[in-house]
Amino acid sequence: MAEKSSNESKEQKLVGLLAQFDDPETLVHACNEARESGYIKMDAYSPFPVHGIDPAIGIKRSILPLIVLSIALGAVVLGMGLQLYANGQDTAWPFPGYKFLISGKPIFSIPANIPVTFEIIVLSSAFATFFGMWILNKLPRLSNPLHRVSRFKRVTNDKFFLLLESADEKFNRSGSESQLKGWGAVSIDEVNQDLTDNELPKWLTTVGILGAILLMLPPAAIFSQWGQTNRHPRLHVVPDMDWQHKSKTQTVAANLSNELDGVRMMYNDLRSARRPVDGAIALGSLDIDSELNYGIKSDFAYTITSGGNALTGVAGSQGEKKEDTGAITVPAEQENIEKYVTTFPENFELTQEVLDRGQQRFEIYCAACHGYAGAGNGLVNQRAMALAATGGATWTSARSLHDVDVKDDAKNPVGRIYDTITNGRNNMGPYKAQIPVNDRWAIVAYVKALQETGIQSDTPVVEDK
Ligand code: HEC
């Protein structure tokens with residue numbers, strides 16, 4: 001008999017006594033009595049919130065707000081610090097930050113860094129609240145011995161319970177029971193915990209371990225590819241139009257077998273598209289005005305030699321358009337200054353407005369290299385020269401537009417400046433794709449005006465207006 005009871009006490013542990021009450025008033029009364037007679041480890045259960053129950057069982061204010069507050073203050077330091085580290089200095093070890101100058105604003109200032117800090121506060125406070133609540137409530141909890149008491153089921157319905165825990169110093173199996181009776185308990189149950197039944201089922205452990213391993217696979221896959229190059233195309237989950245059968249515009253196929261649903265994808269000459277009909281001109285591309293479009297006198301007769309072939313024609317016909325003749329380029333020594341117009345074309349009207357436009361376009365397209373005053377010292381140029389000095393780059397300086405040869409109307413008539421912008425010259429690239437014809441002439445006008453002033457300093461001149 002004695003053996004059996006010791007066996008039982010090994011498997012079952014008394015958690016406490018659960019007393020049932022019929023109404024909230026008796027429950028609060030019993031709680032007050034229990035607290036006053038010195039019980040500390042107890043808890044009350046009811047189907048709805050009962051006024052006054054917290055002080056009755058001696059529950060103090062939650063420390064959760066303090067936890068959240070301290071995490072949030074930490075987030076302020078983290079958010080500000082991260083930005084200071086990344087953008088506000090450039091000496092930190094081991095990864096130097098990068099001082100990021102935006103429109104001349106201070107490198108670091110509190111107002112500009114509020115949004116990121118605010119977001120980090122919100123995020124970390126939310127996490128602190130959520131997980132703090134779990135930890136304070138000792139969650140997650142997979143089972144609770146109270147659920148073994150069948151009477152307890154009515155706690156979500158119409159009954160009220162008080163649990164005196166056996167861990168309490170005041171607790172005494174028979175003494176506590178009679179006390180509870182005295183406080184108005186309708187019935188009293190022992191709450192026992194099954195000690196043998198305390199382990200997770202084996203299959204759950206296995207599933208848990210397998211799940212954890214599977215979860216590690218994606219990060220492992222990403223990590224293994226870190227900093228790797230790969231010659232295979234990326235995985236196409238959504239193929240979009242990447243894999244459709246198509247012939248690229250104006251490509252020439254190697255053979256006629258490129259088919260889609262049995263339809264051949266190109267013409268008999270292996271091209272995927274037809275060339276423009278000879279003599280056809282796309283809308284808006286009629287550029288027979290040689291002076292306006294090329295800066296070349298319309299009656300200028302020329303000869304271009306390329307290889308053994310000589311091409312003769314009149315300016316304005318296809319021959320003069322370097323970009324369209326493909327193989328034929330004009331050798332530098334053959335350049336004939338005579339062909340360029342020396343005055344602005346008839347169809348270009350020079351007004352103050354146009355000149356202002358020229359200045360604006362110049363400052364967008366040219367100043368980066370040539371400088372605002374055209375002295376050849378733009379920011380790009382300065383940077384490239386600095387790099388070149390350390391051997392980090394090779395660079396030809398943008399020419400000063402105040403250079404005697406560039407200024408000289410005889411050596412560099414307006415038509416030639418226009419041509420420089422249109423087709424580029426030597427190391428300077430062409431701008432015909434970016435700048436429309438009229439803007440190019442406006443820039444030429446502004447360049448002439450710049451040269452006229454002779455001012456070569458980029459320091460802005462304050463205007464009296
Ligand atoms: C990317 C830098 C860069 C930009 C932008 C640039 N240039 Fe130039 N430019 C140069 C360089 C470099 C040269 C000298 C080319 C050489 O002689 O090799 C040059 C030369 C010139 C010359 C003298 C050409 C000659 O030899 O007669 C003129 C005129 C000129 N640029 C005008 C302009 C104008 C107008 C613009 C704006 C539309 C412009 N450039 C934009 C780099 C630039």
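Each ligand, and each atom within it, is numbered from 1 in the order the structure gives.
- Close to ligand 1: Ser397, with a non-hydrogen atom less than 4.0 angstrom away.
- When heavy-atom distances to ligand 1 are checked against a 4.0 Å cut-off, Ile421 comes that close only through its side chain, counted from C-beta outward.
- Listed by number with element, the atoms of ligand 1 under 4.0 angstrom from any heavy atom of Arg399 are 13 (C), 14 (C), 19 (C), 20 (C), 25 (C), 26 (O).
- Close approach of ligand 1 to Ala398 (heavy-atom distance below 4.0 Å) involves ligand atoms 10 (C), 11 (C), 12 (C), 13 (C), 42 (C).
- Between the side chain of Asn144 and the main chain of His147, no donor-acceptor pair closer than 3.5 Å is present.
- Residue Ala368 does not touch ligand 1, judged by heavy-atom distances below 4.0 Å.
- Under 4.0 Å is where a charged nitrogen must lie from a carboxylate oxygen, and between Asp409 and Lys448 at least one such pair does.
- No side-chain donor-acceptor contact under 3.5 Å links Asn113 to the backbone of Met80.
- Checking side-chain atoms of Trp441 against main-chain N and O of Tyr418 turns up no donor-acceptor pair under 3.5 Å.
- For atom 8 (Fe) of ligand 1, the nearest N, O or S atom contributed by His370 is named NE2.
- Looking only at heavy atoms of the protein, atom 5 (C) of ligand 1 is closest to Tyr431 OH, 2.8 Å.
- A donor-acceptor distance shorter than 3.5 angstrom exists from the side chain of Asn381 to the backbone of Gly376, with no hydrogens or angles considered.
- Only the side chain of Ile443 comes within 4.0 Å of ligand 1, judged by heavy-atom distances.
- The part of Leu401 lying near ligand 1 is the side chain, judged by heavy-atom distances below 4.0 Å.
- Of all protein heavy atoms, the one closest to atom 17 (O) of ligand 1 is Asn426 ND2, 3.4 Å.
- With a 4.0 Å heavy-atom cut-off, ligand 1 is reached by the side chain of Arg416 but not by its N, CA, C or O.
- With a 6.0 Å radius and a threshold of 12 heavy atoms from other residues, nucleotides or ligands, Met216 has its CE atom at or below the threshold.
- The distance from atom 8 (Fe) of ligand 1 to the nearest N/O/S atom of Met428 is under 2.8 Å.
- A side-chain donor from one of Asp419 and Tyr340 sits under 3.5 Å from a side-chain acceptor of the other.
- The residue from Gln451, Glu363, Gln434, Arg425 that puts a heavy atom closest to atom 15 (C) of ligand 1 is Arg425.
- Protein heavy atom in closest approach to atom 1 (C) of ligand 1: Cys369 SG, 2.7 Å.
- For ligand 1, the atoms lying closer than 4.0 Å to a non-hydrogen atom of Cys366 are 34 (C), 35 (C), 36 (C), 37 (C), 38 (C), 39 (C), 41 (C).
- Minimum interatomic distance between Val354 and Ala442 (heavy atoms only, all atoms of both residues): O-CB, 3.6 Å.
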Gln352/Asp356 under side-chain hydrogen bond (donor to acceptor under 3.5 Å, both in side chains): CA gap, chis, key distance, verdict
CA-CA 6 Å; Gln352 181 62 44; Asp356 289 345; 3.1 Å; yes
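- Polar contact with ligand 1: present for Asn427 (N/O pair, distance under 3.5 Å).
- Of all heavy-atom pairs between Tyr365 and Gln434, the closest is OH-O, 3.6 Å.
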